[in-house]
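These notes concern the structure reproduced below.
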Amino acid sequence: MQVLVVSTSVPPFSESSTLQLVDRVRCLPDFGFEVVVVKPSSLPGVEKSLAARMPSKARYLETGPTLFDWSMARLSCLPAATIVRWIFSNLMYRLAVPDVRVGWNRQVLTTCRVHAGELRPDLILTSSGSYTAHMAGPALAGLFQAPWVADLGDPWSLLDKRKPVLSTRAKLNQRLELRSIPNASGVVFTTEETLAAYREWLGSALPRAVAIPTYGFDVRDFAGAPSGVCMDAENIHLSHIGAAFHGNRSLVPTIRAISALSAERRVKRKYTLNVIGPHSVRFEKEAERIGFESVFFCGVVSYSESIAWMKRSGVLLIVGNRGSLQIPGKVYPCLGSGRPILYLGQTPRRTDAAASLLERFSGVIYATNEVDSICAAIREIDERYEELFEEARERLSSPNIAEYTSPAVSERFAQFAYDVASSPVSRSLPS
């Protein structure tokens, strides 16, 4: 069988959805699928190492750059390019429907029609990143008379409904989603909470659906990591790896907490905070303002570099989502790292999907994203570090951990895709 995979998040383009796509497709050939990927050209990224995890015999069709990426490249040539690009990208984030890559679905359809003679898909698979991929789904299903699976990732219009400033865009997105998702033959969500929210919203209009983690962790990534107390237990590197911005995952409380504990000598160990990945300049200004020098900032890194940072860290920091439906993708490699985890919740613990998952495992400390709560958590880490490190290593032997490995996640997805492709198409396909 042939599967036509449509996504903007294809290596080397670098975002969390790239990891999701890789784990979605890597086992498809084991189920007899020939993989053809449709992607935009000229997308920037550093995930060259992840390209090797894509199916080795996959074919790639490029649509040309999206209008957004073409515009960003042209704006780079202007005076004051940085500020102009920032203004443009922020306006697009707030106004573009469904997202900044608006219009790419039409490019996908044009490219697939050009190559229609050589394509014979038994299954259409659209994957977020950009929701424009799902907008192309019904048209592609009709063009090739093939079932379509929408790998939704983050909820589409449900997220914006919770942000008053984006409520108008949410209504427009809701219309697009109602024209798209109910026409799918299958939908994949990343949490049971998101699946339940869509069942409540769409009722019987929701197609066959399943919840599969965003992506798993690869045990090979952490081979050779120290099995005893991590490096120097008196000098602990606490690392946040991944995007963090003041509006959604503020690290200001953590910066203030570590600085205060160290300055007042309320901890016996030395702590260095590593902020690895895209982040708000406000974090750097805050560290400078309070004179906190035990902090290291770094911009975008590749997946392999992020794994290297995990392996050299003593504690991994995760700031939870402000919504209750999703689990930050970084939770899974952090679980597989064998490192203690400090999780900072931003929503009530009883409704926090990530907190519920992490409670199943040892070596995890929970706090809210507030200075006093973080101080208390770090003091607990300070007292129990060796014990916490051993607990973190022991969770790798937990029977619950196996379902979050990359092969397990990939196989579950491939099985669902195979079942949909092998079943009679139960929904009328648009012509």
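Here the structure is a predicted model, which is why all the values come from computation and not from measurement.
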Working for side-chain hydrogen bond (donor to acceptor under 3.5 Å, both in side chains), residues Ser373 and Glu370:
CA-CA 5 Å; Ser373 183; Glu370 301 167 317; 5.5 Å; no
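Within the 3.5 Å criterion, the main-chain N or O of Gln346 finds no donor-acceptor partner in the side chain of Arg322. The backbone N or O of Ala211 sits less than 3.5 Å from a side-chain atom of Arg412, completing a donor-acceptor pair. At distances below 3.5 Å, not a single donor-acceptor pair connects side-chain atoms of Glu387 with backbone N or O atoms of Arg384. Between the Arg59 side chain and the Val36 main chain, no donor and acceptor come within less than 3.5 Å of each other. Side-chain N or O atoms of Asp382 include none that pairs as donor or acceptor with a backbone N or O of Val267 at under 3.5 Å. Proximity of a side-chain donor or acceptor of Asp99 to a complementary backbone N or O of Ser130 within less than 3.5 Å is not detected. With hydrogens and angles disregarded, no donor-acceptor distance shorter than 3.5 Å links the side chain of Arg349 to the backbone of Ala367. Using modelled atom types, no side-chain atom of Ser239 and backbone atom of Asn274 make a donor-acceptor pair closer than 3.5 Å.
Rounding to the nearest 0.5 Å places CG of Leu123 at 11.5 Å from CG of Leu140.
A salt bridge does not link Asp221 to Lys311: none of the charged side-chain nitrogens sits closer than 4.0 Å to a carboxylate oxygen. Under the 4.0 Å criterion applied to side-chain N and carboxylate O atoms, Glu286 and Arg289 are assigned as salt-bridge partners.
A cation-pi arrangement is absent between Arg256 and Phe292, since the terminal nitrogen or guanidinium carbon is not both under 6.0 Å from the aromatic centre and inside a 45° cone about the axis. Both tests hold for Arg312 against Trp309: distance to the six-membered ring centre under 6.0 Å, angle to the ring axis within 45°.
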Only pairs under 3.5 Å count here: list side-chain donor-acceptor contacts from residues 259-266, not counting sequence neighbours, and write none if there are none.
from   : atom 1 : to     : atom 2 : distance (Å)
Ser262 : OG     : Ile258 : O      : 2.9
Glu264 : OE1    : Arg266 : NE     : 2.8
Glu264 : OE1    : Arg266 : NH2    : 3.0

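Between Arg53 and Ser406, the side chains place no donor N or O within less than 3.5 Å of an acceptor N or O (distance only, hydrogens not considered).
Aromatic rings from Phe297 and Phe283 are positioned such that their centres are separated by 6.0 Å or more.
Aromatic ring pairs are classed by plane angle as parallel below 30°, tilted from 30° to 60° and perpendicular above 60°; the pair Phe33 and Tyr418 is perpendicular.
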